[in-house]
2 protein chains.
Amino acid sequence: MTTKPATTTGTTIKPSGAQRKTRQRAAVEEILSDRHDFRTAQQIHDDLRHHGERIGLTTVYRTLQLMSDAGDLDAIRTGDGETAYRRCSTGHHHHLVCRTCGRTVEVSGPAVEQWANAVAEQHGFREISHDLEIFGTCNTC
Amino acid sequence: MTTKPATTTGTTIKPSGAQRKTRQRAAVEEILSDRHDFRTAQQIHDDLRHHGERIGLTTVYRTLQLMSDAGDLDAIRTGDGETAYRRCSTGHHHHLVCRTCGRTVEVSGPAVEQWANAVAEQHGFREISHDLEIFGTCNTC
DNA sequence: AGCCTTAATGAAAATGGTTCTCATGTCGGT
DNA sequence: ACCGACATGAGAACCATTTTCATTAAGGCT
């Protein structure tokens with residue numbers, strides 16, 4: 001690879017930059033359309049493998065990061081230091097998580113949203129967003 | 001150590017469980033009293049070393065975790081996947097964080113607490129706790 | 001003061017999620 | 001079909017944190 005035999009023909013540089021449509025990328029996007037909950041890169045990787053998809057873990061990480069950067073995904077960090085992604089849904093909601101069995105319930109409440117916005121504005125903050133996770137022990141645990 | 005020559009005198013079992021007061025633990029507590037901003041375990045370790053303290057990184061991690069479990073410290077996770085700690089002011093509260101400069105304001109509101117508890121109970125959850133972080137761009141950014 | 005039990009310490013190794021490397025595969029325009 | 005550039009993926013590298021385990025020292029007891 002050390003030999004660089006001159007760029008003969010086209011000196012035309014193509015910046016392109018366009019993203020290519022690949023099987024793997026489509027698979028990741030599809031899974032995220034099906035499931036509406038937060039999932040880590042590794043969970044998504046497992047899901048895809050179970051669906052019979054051949055895809056590398058690295059590619060999953062890369063794709064999720066690309067999508068997140070592009071604003072197509074929401075990302076949160078779990079208490080374990082993992083990053084979980086979710087399709088950026090129009091509706092905003094929070095999670096009620098059982099700290100024993102991990103069961104998750106989606107909840108939402110305008111009260112919290114309003115409160116968060118009001119408080120933030122009082123302090124002169126703009127472009128407000130927030131993360132809220134509720135933990136507890138569920139019925140069956 | 002295999003020989004167990006009988007517990008002659010006191011058969012009294014001492015569960016003790018009391019925490020011992022050590023130089024290292026005191027040093028960590030002192031640093032956290034001085035600085036009111038969020039700092040990672042490694043930053044605190046560096047701080048202590050610069051102060052001339054001899055302390056291992058492991059001990060810093062352990063001590064911070066103990067204090068956090070005891071409710072003496074607030075812990076948040078940075079975007080880099082690091083955990084940052086700060087001395088906890090008395091009451092329960094949340095954080096309003098500027099996503100540009102990192103400035104942090106403590107906020108609290110009974111409304112959220114009540115809402116979180118109510119929602120969780122509706123779903124049959126017990127021993128409820130929650131994390132709430134509000135993000136925004138502050139005045140000066 | 002000396003003993004003794006046990007928590008605490010810390011250096012090094014292990015862990016585990018995420019990122020980097022680089023050889024190979026494949027998309028898409030010509 | 002050709003070709004250059006982007007995409008893929010297996011494995012290595014990274015890095016914060018945790019675990020291991022031999023050693024140190026706190027603090028109650030006599």
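Worth knowing before you read on, the calculation uses all heavy atoms, side chains too, and leaves out hydrogens, waters and symmetry mates. By convention in this document, chain letters (A, B, ...) are assigned in the order of the sequence lines, proteins followed by strands, and residues within each chain are numbered from 1.
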Using a 4.0 Å cut-off on protein heavy atoms (strictly under), produce a 5'-to-3' string for nucleotides 12-21 of chain D with B for base contact, S for backbone-only sugar-phosphate contact, and - for none.
----SBBB--

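- For the pair B:R25 and B:T22, the minimum side-chain heavy-atom distance is below 4.5 Å.
- Residue A:D46 contributes atom CG, which lies 11 Å from atom P of C:dG17 at whole-angstrom precision.
- Note that CD of A:E82 and CZ of B:R77 are 9.5 Å apart. Values are rounded to the nearest 0.5 Å.
- Residue B:T59 places at least one side-chain N or O closer than 4.0 Å to OP1 or OP2 of C:dG10.
- Looking at B:T137 and A:R126, their side chains never bring a donor and an acceptor atom within 3.5 Å of each other.
- Annotation: side chain of B:Y85 is not in contact with side chain of B:D74 (no heavy-atom distance under 4.5 Å).
- Between A:Q24 and D:dG9 there is a side-chain polar atom (N or O) within less than 4.0 angstrom of OP1 or OP2.
- The side chain of A:R20 lies closest to D:dA7 when the candidates are C:dT5, D:dA7, C:dT9.
- Taking 4.0 Å as the cut-off between side-chain N and carboxylate O, A:D47 and A:R49 do not count as a salt-bridged pair.
- Going from atom CZ of B:R23 over to atom C1' of D:dA25 covers 10 Å, rounded to whole Å.
- Side-chain atoms of B:E53 and B:R23, non-hydrogen and from C-beta on, do get closer than 4.5 Å to each other.
- Between B:R25 and C:dT9 there is a side-chain N or O to OP1 or OP2 distance below 4.0 Å.
- Atom-to-atom, CD1 of A:I76 to C1' of C:dT18 comes out at 17 Å; the value is rounded to the nearest Å.
- A:F38 meets the ring-ring contact (aromatic ring centres under 6.0 Å, His included) test with A:H95; sequence neighbours excluded.
- Atom pair A:L64:CG and C:dT19:P shows a separation of 10 Å (rounding to whole Å applied).
- Within the 4.0 Å cut-off from OP1 or OP2 of D:dT8, at least one side-chain nitrogen or oxygen of A:T22 is found.
- Shown for residues 47-55 of chain A: residues whose heavy atoms fall under 4.0 angstrom of DNA chain D, namely A:R54, A:I55.
- Relative orientation of the B:H94 and B:H130 rings is tilted, given thresholds of 30° and 60° on the angle between their planes.
- Computed from coordinates, the B:K21 NZ to D:dG27 C1' distance equals 12 Å when rounded to whole Å.
- Side-chain N or O atoms of A:S68 include none that pairs as donor or acceptor with a backbone N or O of A:L64 at under 3.5 Å.
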